[in-house]
Number of protein chains: 2
Amino acid sequence: MTNPNDLENFQFKKNDTVSLRQFVYKEIREAIIKGHLEPGARLREVEISKQMNVSRGPIREAIRILEQEGLVISHPYRETVVVDLSEEEVIHLLVPTRRNFELFAAQKAVSVLTDDDFAYLDNIILNMQEASNQDDLDRLSDLDLKFHERIVERCVSPAMFRIWNSISGKLHARFLIQGYSHSSLQTVVEEHREMLQLIRSGDNERIEQHLQKHIK
Amino acid sequence: MTNPNDLENFQFKKNDTVSLRQFVYKEIREAIIKGHLEPGARLREVEISKQMNVSRGPIREAIRILEQEGLVISHPYRETVVVDLSEEEVIHLLVPTRRNFELFAAQKAVSVLTDDDFAYLDNIILNMQEASNQDDLDRLSDLDLKFHERIVERCVSPAMFRIWNSISGKLHARFLIQGYSHSSLQTVVEEHREMLQLIRSGDNERIEQHLQKHIK
DNA sequence: CATTTGTAGATTGTCAACAATCTATTTTGA
DNA sequence: TCAAAATAGATTGTTGACAATCTACAAATG
């Protein structure tokens, strides 16, 4: 396939290095969402600074993002801790809002997504099946997030994506702690497979019906 | 009323000084929401730094908050500009989400709000009436925001309030530019008066009905 | 002349030192 | 002894200097 003399087709890797605050933000966010930092856990700037070998500047900026995102709360001159959400608010505010965003995105999807996007989503389904077979809940819920993330990110403006992202992050953190209520992992895979099928067909009516039960 | 010898009742003013980032954040946010900074306007850290006489640290933190809030967008190493939202997203995502949040809050209000809160809200209605009489649209829409802000802030957790705040900020900025579609300023006042009445009565059924048409 | 390469200035990103504030503990004074 | 005041240590807030990156324009190259 790759010919050493064929320099025409050679490509250097894209520089994937982002800013340090981006790195710090993602790192802390993942720790919270995946449950490694539980509600109430304290974030100390100097401690994180030493662990990541980064000055406090970028760390403070990352904390401001996380705070606005609603994953941590800062008490001026005192401390910043990981938040704890009330069940009621999760059910009445976060869940329906997320549903509405994903419905909106899914209905635009057929005219927005490219072949690459669909290939990516197909691949996620494949990996979901694998994760389900291996009873790997962590991986499955990770793929779940990535599936919807891709659709929303492509069908909605950056500002709106930020809102969806903050909501789904909080939900993910919440349900990981509570444990999935799904009857089986296989059901999760099936539901996503159907969803992707409906998006491809562009049948907005049935997309709405499907999302209605999917969320529950 | 105030007796110079009556030192018992003397109170110093609360130290209202917040952190600089808070100050900078509010300042920029207001400029955007009130339309003094239009979509596409560029934010230069050094420029703001000089104008406010504050170092770039707090300004950068404020920008991170505004970015996560969705009012500005930063392109790494390039620039940060005030965002522009699509009409479609405003209608399908922001408006229903805000409505849902305010419905949730209003339904809890009767058992949460104190006499002080109700006094505050009554006072806002009075001021609204004044603003309406004087055809002062700016002041009216400011009071409108403050009215709902108070209710939501008291009936919902800080993390949820942040979401509502980010949404209502974007809507405010949007509609200020487009101009109010209300038939008259007096209608706005009436609707809020009725709303407050319904909240006092705790009639959740009618609150829902009222909010339904209020938003439109 | 068109394209690439190399600057200069502007702007954002990062850092380390210093200042302000809070908490917990100790000291003081009655 | 007990409450108020002072103090020390920890932590967050702010600053100014320096580094990295981008844009636009000038210079070089063919």
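These numbers come from a predicted model, not from an experiment. Numbers restart at 1 for each chain; the letters A, B, ... are given by sequence-line order, proteins then strands.
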Counting N and O atoms only, with roles assigned by atom type, does the side chain of A:Glu61 sit under 3.5 Å from a partner on the main chain of A:Arg21, one being a donor and the other an acceptor? no

Indicate yes or no for a side-chain donor-acceptor contact from B:Asn100 to the backbone of A:His92 under 3.5 Å, with no hydrogens or angles considered. yes

Is the shortest side-chain N to carboxylate O distance from A:Arg200 to A:Asp122 below 4.0 Å? yes

side-chain N/O B:Arg56 vs D:dG16 OP1/OP2, d < 4.0 Å: no

Nearest whole Å is fine: how far is D:dG13 P from A:His75 NE2? 12 Å

Protein-nucleotides 6-11 of chain C N/O pairs under 3.5 Å:
unit_1: C:dT11; atom_1: OP1; unit_2: B:Arg44; atom_2: NH1; d: 2.7

Looking at A:Lys146 and A:Glu149, does any basic side-chain N land under 4.0 Å from a carboxylate oxygen? no

Minimal heavy-atom distance between B:Leu211 and B:Arg99, with the atoms involved, is CD1-O, 4.3 Å

Mind calculating the distance between CZ (B:Arg60) and P (C:dC15) to the nearest angstrom? 11 Å

Please state how far atom CZ in B:Phe23 lies from atom P in D:dT15, giving the value in whole angstrom units. 12 Å

Classify the nucleic acid contact of B:Gly57 as base, sugar-phosphate or nothing, counting any heavy atom under 4.0 Å across all strands shown. base

Return the 5'-most residue of the pair A:Pro76, A:Leu20 with respect to DNA chain C, ranking by each residue's nearest nucleotide. A:Leu20

Locate the shortest heavy-atom distance separating A:Ile59 from A:Val24; write the atom from each residue and the value. CG1-CG1, 3.9 Å

Roughly, in whole Å, what's the span from CD1 in A:Ile59 to P in D:dT14? 17 Å

In whole angstroms, how far is the C1' atom of D:dT12 from the CD atom of A:Glu67? 13 Å

Any idea which of C:dC15, C:dT12, D:dG13 is nearest the A:Ser55 side chain? C:dC15

So, is B:Arg21 near the phosphate of D:dG13, with a side-chain N or O under 4.0 Å from OP1 or OP2? yes

